[in-house]
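Beneath this line is the structure, given in structure tokens, with notes to follow.
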Amino acid sequence: AATIVVYSWALAMNESPGAPERRLPCPLVATIDLHNREWDGIVLVTNSLDNLAGPLEFLQTALEQAKKFDDLVGKEATLIGLAGLAAQRLIYSPTGPVNRDFDDVRRYRDAASKGIARALKAGCKSPLLVVPSGYPFSQAWIVSGLGALQVLYCPIEVREAIPEKSQKVKQLGVWCEREEAGVKGAQLIAGLESGRYVCRDIGGSDPERMSAPHVANYVLRNFARTAVQVKVYSDPAVLTRCYPLLSAVNRCAAGIERHAARVIELEYVGEGPTDQTLLLVGKGVTYDTGGADIKAGGIMAGMHRDKCGAAAVAGFFHVLSTLKPKRIKVIGFLGMVRNSVGADCYVADEIITSRAGVRVRVGNTDAEGRMVMADLLCHAKEKALNETNPQMMTIATLTGHAVRAVGPHYSVIMDNGPAAKKEIALKVQKAGDLMGDPFEISTIRREDYDFVAGRSEYEDVLQANNQPSSSTARGHQFPAAFLIRVSGLDQHDIHTETQIPYSHIDIAGSSGPFPGVPTGAPVAALTKHFLEGR
């Protein structure tokens with residue numbers, strides 16, 4: 001029986017210059033051997049014990065016997081001793097029902113997460129995840145592996161400060177019925193999770209550990225000697241000239257070296273002739289005080305997570321560097337800025353001309369994310385005009401309204417006309433459903449463009465009203481209209497000869513809980529849609 005290490009690393013406990021980046025919480029091992037003595041616990045995830053056939057039949061016998069003595073078996077993650085098995089411990093984590101209208105593959109993700117958490121409490125150091133066939137969702141095995149690895153993630157601050165706690169288990173095994181298919185699937189799990197790991201490192205870390213300069217250093221080190229090319233822009237004169245709206249947000253923080261903005265440009269070109277170009281812009285607000293429109297009343301805590309859009313873009317590029325898809329070119333921009341408050345902060349009523357030549361009146365300094373992304377989107381648009389089959393996207397924890405509208409576990413995606421014609425939102429939603437990375441779809445309407453239209457002859461566009469997005473009608477849709485208008489993408493909409501598909505993704509709800517660990521959304525969905533088959 002074969003046991004194959006799919007992913008490991010040289011053991012460098014501290015992330016010092018020149019040390020390899022740790023991209024998974026532990027080595028990942030694909031195996032068809034249930035009885036290898038290196039496993040000290042089996043974590044079983046299934047929707048029915050009837051799926052335990054062939055080499056797994058002895059587990060069904062043991063569990064049926066255990067159910068006679070414990071009513072919780074089959075209802076929640078439970079542990080039983082297993083004589084005759086080298087692992088000795090069996091943790092059974094049932095998915096619950098999977099056949100109702102509202103059930104989806106997250107049943108498997110959640111069960112795997114709970115099972116691994118129970119294994120950790122039991123002292124397991126080499127758990128083996130077993131997800132037998134018979135599941136009704138095509139990606140259940142992959143999604144279960146991702147759920148297990150998320151529990152094993154250790155924050156970068158802990159890894160650096162307390163190296164002995166940086167690895168929760170020695171290794172994670174994933175059992176497969178057929179060796180070749182199992183190794184291929186485990187490689188995909190490793191590629192996806194390594195990207196989400198990078199996303200968590202950047203998005204979840206505190207505002208000093210992942211300040212803009214530190215994010216730039218992390219990205220440079222992470223992609224050294226890979227197929228991803230990195231450029232970092234930090235010169236204040238360059239930022240002011242090329243990204244005036246971003247520079248307005250940066251103005252207060254610019255005088256403090258450790259907080260000063262960085263624009264990070266990434267590029268990946270796969271082997272073979274390019275038939276798709278993806279251009280991604282991520283909001284990377286390292287800390288959002290609200291600026292002059294300060295977040296008062298105790299609502300500022302957690303605002304270090306306002307960089308999860310940029311973190312997702314970096315994570316997606318890490319997937320590219322790991323899986324090395326062919327025939328695709330990807331260009332990314334990370335706008336890393338701190339929205340500080342002080343004597344030099346930008347204020348409401350200022351009028352700033354964007355890179356595209358659009359005069360923007362600031363309405364609320366707490367609507368800084370769209371300011372950070374608009375000029376980067378314009379830059380990406382300029383590149384898109386010379387690229388093959390371009391698709392543009394912005395990814396951001398942009399509005400509280402998105403959370404209020406669809407709840408705390410869902411990304412929201414909305415297309416411009418050219419993207420809607422290609423059904424990009426629908427296709428990404430379908431990919432997200434398969435990967436347990438779900439989306440809801442919104443539509444950019446004429447009212448959204450009316451809302452951001454200038455109110456006087458002084459300005460072309462109004463950045464925002466002075467109310468929270470969560471209490472504003474269409475509070476997550478009109479920012480997309482702002483981005484389109486201010487970047488000049490409205491000159492490439494469905495009525496023009498130079499159409500550019502563009503989709504905006506708001507991950508304010510899906511990025512993860514605080515306190516807690518970021519989810520890595522929407523890396524899995526984007527990987528499934530844009531990279532599958534490459």
Side-chain angles (χ1 to χ4, degrees), residues 25-26 28 41-49 51-52 59 63 72-79 90-122 124 127-153 168-169 172-175 185-186 188-189 192-193 196-197 199-200 204 403 406-411 429 431-440 507 509-525 527-528:
C26 64
L28 183 66
I42 288 178
V43 177
L44 174 65
V45 172
T46 185
N47 64 305
S48 172
L49 295 184
N51 295 330
L52 303 179
L59 297 178
L63 287 168
L72 289 179
V73 175
K75 297 178 181 178
E76 61 181 53
T78 51
L79 183 149
L90 172 62
I91 297 96
Y92 173 35
S93 188
T95 63
V98 294
N99 59 352
R100 298 168 296 186
D101 285 357
F102 54 87
D103 292 317
D104 60 50
V105 73
R106 290 176 294 171
R107 296 285 184 195
Y108 281 83
R109 180 200 67 191
D110 296 345
S113 296
K114 292 174 183 177
I116 290 295
R118 182 66 183 87
L120 290 175
K121 289 181 179 179
C124 290
L128 175 63
L129 179 65
V130 176
V131 185
S133 58
Y135 36 77
F137 309 110
S138 64
Q139 303 300 309
W141 193 80
I142 300 292
V143 172
S144 297
L146 295 175
L149 285 165
Q150 179 163 352
V151 173
L152 298 176
Y153 171 79
K168 296 179 182 179
V169 296
L172 174 67
V174 285
W175 180 80
L188 177 57
I189 291 173
L192 283 167
E193 187 59 23
R196 303 202 314 171
Y197 188 96
C199 180
R200 293 188 187 109
V403 187
V406 304
H409 304 296
Y410 298 86
S411 301
Q429 184 187 52
D433 286 344
L434 290 171
M435 301 303 296
D437 193 2
F439 281 74
E440 299 292 3
I507 60 170
S510 62
S511 60
F514 176 76
V517 172
T519 62
V523 171
T527 299
K528 180 68 173 175

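What you see is a predicted model, and the numbers here were worked out from it, not measured in a lab.
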Please report the closest heavy-atom contact between [X] and [Y], naming both atoms and the distance.
{"X": "Val105", "Y": "Gly436", "answer": "CG1-N, 3.3 Å"}
{"X": "Ser144", "Y": "Tyr108", "answer": "OG-CB, 3.4 Å"}
{"X": "Asp437", "Y": "Ala524", "answer": "OD2-N, 3.4 Å"}
{"X": "Ile116", "Y": "Ala148", "answer": "CG1-CB, 3.5 Å"}
{"X": "Val98", "Y": "Pro136", "answer": "CG2-CG, 3.6 Å"}
{"X": "Ala112", "Y": "Leu129", "answer": "CB-CD1, 4.4 Å"}

Atom [atom1] of [X] and atom [atom2] of [Y]: how far apart are they, to the nearest 0.5 Å?
{"X": "Tyr92", "Y": "Ile42", "atom1": "OH", "atom2": "CD1", "value": "14.5 Å"}
{"X": "Leu72", "Y": "Thr78", "atom1": "CG", "atom2": "OG1", "value": "7.0 Å"}
{"X": "Leu188", "Y": "Gln139", "atom1": "CG", "atom2": "CD", "value": "7.5 Å"}
{"X": "Ile142", "Y": "Phe137", "atom1": "CD1", "atom2": "CZ", "value": "15.5 Å"}
{"X": "Arg118", "Y": "Ser113", "atom1": "CZ", "atom2": "OG", "value": "15.5 Å"}
{"X": "Arg200", "Y": "Gln150", "atom1": "CZ", "atom2": "CD", "value": "4.0 Å"}

If we only count heavy atoms from C-beta on, is the [X] to [Y] side-chain gap below 4.5 Å?
{"X": "Ser133", "Y": "Asn51", "value": "no"}
{"X": "Val169", "Y": "Cys124", "value": "no"}
{"X": "Val45", "Y": "Tyr135", "value": "no"}

Subject >> Steps toward side-chain contact (heavy atoms from CB on, under 4.5 Å) verdict (Met435, Leu192) >> reply: CA-CA 11 Å; Met435 301 303 296; Leu192 283 167; 3.7 Å; yes
Original post:
Please, which pairs that meet side-chain hydrogen bond (donor to acceptor under 3.5 Å, both in side chains) have at least one residue in residues 94-107, sequence neighbours excluded?
Top reply: Arg100-Asp103, Asp103-Arg107, Asp104-Arg106, Arg106-Tyr410
**OP:** Not counting sequence neighbours, which residues clear side-chain contact (heavy atoms from CB on, under 4.5 Å) with Lys168? List them please.
**Re:** Leu120, Leu152
Original post:
Do you know which of Pro94, Pro132, Ser93 makes side-chain contact (heavy atoms from CB on, under 4.5 Å) with Leu44?
Top reply: Pro132
Original post:
Under the 3.5 angstrom rule, does the side chain of Thr519 hit a backbone N or O of Ser510 as a donor-acceptor pair?
Top reply: yes
Original post:
Is it true that a side-chain atom of Trp141 and a backbone atom of Ala186 form a donor plus acceptor pair closer than 3.5 Å?
Top reply: no
